[in-house]
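Residue numbers count from 1 along this sequence. Keep in mind that the numbers below use all heavy atoms, side chains included, and drop hydrogens, waters and symmetry copies.
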Amino acid sequence: MGEQPIFSTRAHVFQIDPTTKKNWVPTSKHAVTVSYFYDNTRNVYRIISLDGSKAIINSTITPNMTFTKTSQKFGQWPDSRANTVYGLGFSSEHHLTKFAEKFQEFKDAARIAKEKMQEKMELTSTPSQESAGGDLQSPLTPESINGTDDERSIQDVTQDSDARAEINQSSLPFTHSTTIGKHWESELATLKTNNAKLTAALLESTANVKQWKQQLTAYQDEAERLHKRVSELECLSGQANVLKTHKTELNRTIEELEAQMKDKEEEIERLKKDIEGAKELETQRDTLSQQLQEVETRNRDLVEQLADFEQRLEKSQNEQGVFRNNLKTLLEILDGKIFELTELRDNLAKLIEGS
């Protein structure tokens, strides 16, 4: 699975000035994503941050690291492997506290993983040491085969002295024949030949040792180069994961912007309809205003007519009152006249009856 991001936040990244060791040097122009990564194959936690395609933080968390809050929104931690001190400036104290808690959590996890690894190595190394016991042997080297330079010198001197002693013995009285002298001469020649062979073998072994040292140096350089390459690939893998995370965030942001754009377009259409409706309402308002003016005009006319009617009614009522008063007076006069006529009739009747 490789490394996977397990926590991300955004902050301004700084590094301590390597010359003064006091001032902070910003490594990002704006807030960037800072992520915790976990490599389950090596059981390692790392802090990685990218500014574009450049890795500005690549710090492996160890049990000896300490994250320090220097203010409400700023924190720092030293990295001895990178020979620097990283600093992060957050937008709020909450983000700083969350990052510090994650740092302590992953630091404890790294410490526990290291202790388990040490226990595992101790358990695996103890049986192998016990089984090795007394079976350990010295490795074969050219010196162990041919002897050291001092041993070879002593051996050559001893051989030469023995040969000279034997030659001197061959020069004793005539009892030792010439055949014995030749025999020792051949032995001396054989010893010289063997000595030359041993010297050649020593030189060849020395050359092989130098070649082996050169090969070992080349292998060490190659191993160091491969280790650096692995670190670069791990960094690139972390960058790829960060870029993938950035891509996911950008896709999510694009989707959100598209949804917002769609909502805005719908709102624009709705506003257009509202504007059209407002125009219609404005037309209706103008029509109603005109109608209202006409109604007000008619209302004024009606008010004037009503006032005229009221005046006429009042005049009519006054005339009716006068008429009623006149009629009442007339009725009273008629009643008097009728009463007089009645008396006159009664008198006439009495006269008629009396005659």
Side-chain angles (χ1 to χ4, degrees), residues 1-16 27 31-50 55-132 223-224 226-246 248-249:
M1 294 294 292
E3 286 184 313
Q4 297 293 330
I6 51 180
F7 177 77
S8 297
T9 186
R10 293 185 67 82
H12 292 272
V13 180
F14 300 86
Q15 284 190 12
I16 199 72
T27 56
V32 296
T33 301
V34 182
S35 302
Y36 286 98
F37 281 81
Y38 175 64
D39 187 353
N40 54 7
T41 58
R42 297 190 305 160
N43 203 10
V44 172
Y45 294 88
R46 290 200 302 167
I47 303 175
I48 295 177
S49 178
L50 295 178
I56 56 178
I57 297 179
N58 185 7
S59 178
T60 301
I61 300 176
T62 63
N64 297 326
M65 285 185 176
T66 301
F67 185 84
T68 305
K69 296 180 183 179
T70 57
S71 67
Q72 291 183 351
K73 298 181 181 180
F74 193 86
Q76 65 184 42
W77 78 95
D79 190 343
S80 58
R81 295 184 179 181
N83 193 22
T84 187
V85 179
Y86 293 105
L88 296 178
F90 296 88
S91 60
S92 65
E93 185 178 1
H94 172 72
H95 290 87
L96 172 61
T97 304
K98 191 68 175 178
F99 187 89
E101 291 175 354
K102 291 295 182 182
F103 191 97
Q104 185 64 36
E105 177 184 349
F106 300 143
K107 172 185 172 182
D108 295 338
R111 177 180 55 78
I112 294 172
K114 183 178 180 181
E115 291 176 354
K116 289 183 178 180
M117 183 63 68
Q118 289 178 351
E119 292 177 357
K120 185 177 180 181
M121 291 178 64
E122 290 176 358
L123 291 174
T124 54
S125 62
T126 302
S128 61
Q129 291 177 357
E130 292 177 354
S131 62
E224 185 176 358
L226 291 175
H227 181 69
K228 290 181 178 179
R229 181 61 179 168
V230 168
S231 299
E232 292 176 357
L233 292 175
E234 289 176 351
C235 184
L236 290 175
S237 175
Q239 293 176 3
N241 292 328
V242 173
L243 291 175
K244 185 177 179 181
T245 304
H246 287 173
T248 304
E249 293 178 355

Worksheet item: So, T84 versus D79: side-chain donor-acceptor pair below 3.5 Å or not?
Response: no

In this structure, CD1 of I48 is separated from OG of S59 (nearest 0.5 Å) by 9.5 Å

Exercise. Quick one: do the S92 and H95 side chains pair a donor with an acceptor below 3.5 Å?
Worked result: yes

Handout entry: Backbone N/O of M65 and side chain of K107: donor-acceptor pair under 3.5 Å
Key = yes

Short N-O contact, E119 and K116, less than 4.0 angstrom: no

Minimal heavy-atom distance between V34 and S49, with the atoms involved, is CG2-OG, 3.9 Å

Q104 meets the side-chain hydrogen bond (donor to acceptor under 3.5 Å, both in side chains) criterion, sequence neighbours left out, with D108

| Any sub-3.5 Å donor-acceptor pair from S71's side-chain atoms to F74's backbone N or O? | yes

Here the gap from Q72 atom CD to T97 atom OG1, rounded to the nearest 0.5 Å, amounts to 9.5 Å

CD1 of I6 to NZ of K102, rounded to nearest 0.5 Å, is 7.5 Å

- Decide yes or no for K114 and P63: does some side-chain heavy atom of the first lie under 4.5 Å from some side-chain heavy atom of the second? yes

Distance col, row I112:CD1 vs M117:CE, nearest 0.5 angstrom, shows 14.0 Å

- Task: Taking Y86 for its side chain and Q76 for its backbone only, find out whether a donor-acceptor pair lies under 3.5 Å.
- Result: no

By ring-ring contact (aromatic ring centres under 6.0 Å, His included), Y45 pairs with (sequence neighbours left out) Y38, F106

Discussion item. What I want to check is whether the side chains of T41 and D39 have a donor and an acceptor closer together than 3.5 Å.
Written reply: yes

Output for pair (L96 CG, E101 CD), nearest 0.5 Å, gives 10.0 Å

Smallest heavy-atom separation, K73 atom then E93 atom, equals CG-N, 4.2 Å

Enumerate donor-acceptor pairs with a distance under 3.5 Å from any side-chain N or O in residues 7-15 to protein atoms, sequence neighbours excluded.
unit_1: S8; atom_1: OG; unit_2: S35; atom_2: OG; d: 2.8
unit_1: R10; atom_1: NH1; unit_2: T33; atom_2: OG1; d: 3.1
unit_1: R10; atom_1: NH2; unit_2: A31; atom_2: O; d: 2.6
unit_1: Q15; atom_1: NE2; unit_2: I56; atom_2: O; d: 3.4

Here the gap from I47 atom CD1 to F37 atom CZ, rounded to the nearest 0.5 Å, amounts to 11.5 Å

